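Everything numeric here is computed off the predicted structure, so don't read it as measured data. Note that these values count all heavy atoms, side chains included, but never hydrogens, waters or copies made by symmetry. Index from 1, following the sequence.
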Amino acid sequence: MKKILVTILITVFLSPLYAVDYSEMSTQELIVIMGYVKKQNEEKFKKELKERVPTMNAKEKAKYQENLKKMKNKK
C-alpha cells in the first residue's frame, strides 16, 4: 500500500515537470519551433500561437506565414 501511495505522489509532483508552457516563450521562439513540436503538445502549441497572431509585427507574420507553408508542404 505504501508503494502505491509513494508512486502516486511521485507521479503527481513530477508530471508538471514534463509539461510545456508555451505562454512563457516569446513569439519568435514559437515561430522557430513550428513543425518541431511533439504530437502530444501540438494542440497547446497551436492554441498559443493562434492567440499571438493578432499581436505579431510584420516581420513575425512573414516568418509565421513562411513556416506555415513549409509545414503544409511537408504533410
Side-chain angles (χ1 to χ4, degrees):
M1 184 67 171
K2 286 183 183 180
K3 288 182 182 181
I4 294 172
L5 182 59
V6 170
T7 303
I8 291 171
L9 288 174
I10 289 173
T11 304
V12 168
F13 288 110
L14 291 181
S15 61
L17 296 177
Y18 294 101
V20 179
D21 187 7
Y22 294 110
S23 64
E24 302 269 330
M25 298 176 80
S26 71
T27 302
Q28 293 87 358
E29 289 173 316
L30 292 176
I31 292 169
V32 170
I33 64 169
M34 286 174 69
Y36 298 100
V37 177
K38 292 181 181 180
K39 292 266 188 209
Q40 64 200 33
N41 299 325
E42 216 168 74
E43 194 62 38
K44 287 181 185 178
F45 176 76
K46 286 180 181 179
K47 181 181 178 199
E48 183 65 34
L49 196 56
K50 204 174 251 188
E51 289 175 5
R52 299 215 191 171
V53 171
T55 62
M56 288 181 187
N57 62 37
K59 227 178 185 179
E60 290 170 338
K61 279 187 182 179
K63 189 65 178 170
Y64 171 71
Q65 294 297 330
E66 181 183 321
N67 285 353
L68 272 180
K69 287 180 186 176
K70 285 180 185 177
M71 287 175 53
K72 288 180 182 178
N73 290 336
K74 278 186 177 181
K75 290 182 180 183

Check this for me, if you would: do Glu43 and Lys47 make a salt bridge, where the nitrogen-to-carboxylate-oxygen distance has to be below 4.0 angstrom? no
Value for CD (Glu60) from CG (Leu30), rounded to nearest 0.5 Å, stands at 10.0 Å
message: Can you tell whether the side chains of Lys70 and Glu66 come within less than 4.0 Å, N to carboxylate O?
response: yes
dist Arg52:CZ -> Lys61:NZ (nearest 0.5 Å) comes out at 14.5 Å
Contacts satisfying ring-ring contact (aromatic ring centres under 6.0 Å, His included) that involve residues 31-65 (not counting sequence neighbours) are Tyr22-Phe45
Within one Ile-Leu-Val-Met-Phe-Trp-Tyr cluster: Leu49 and Val20, side-chain cutoff 4.5 Å: yes
Self-check item: Joint cluster assignment, Met25 & Val32, ILVMFWY side-chain distance < 4.5 Å
Solution: no
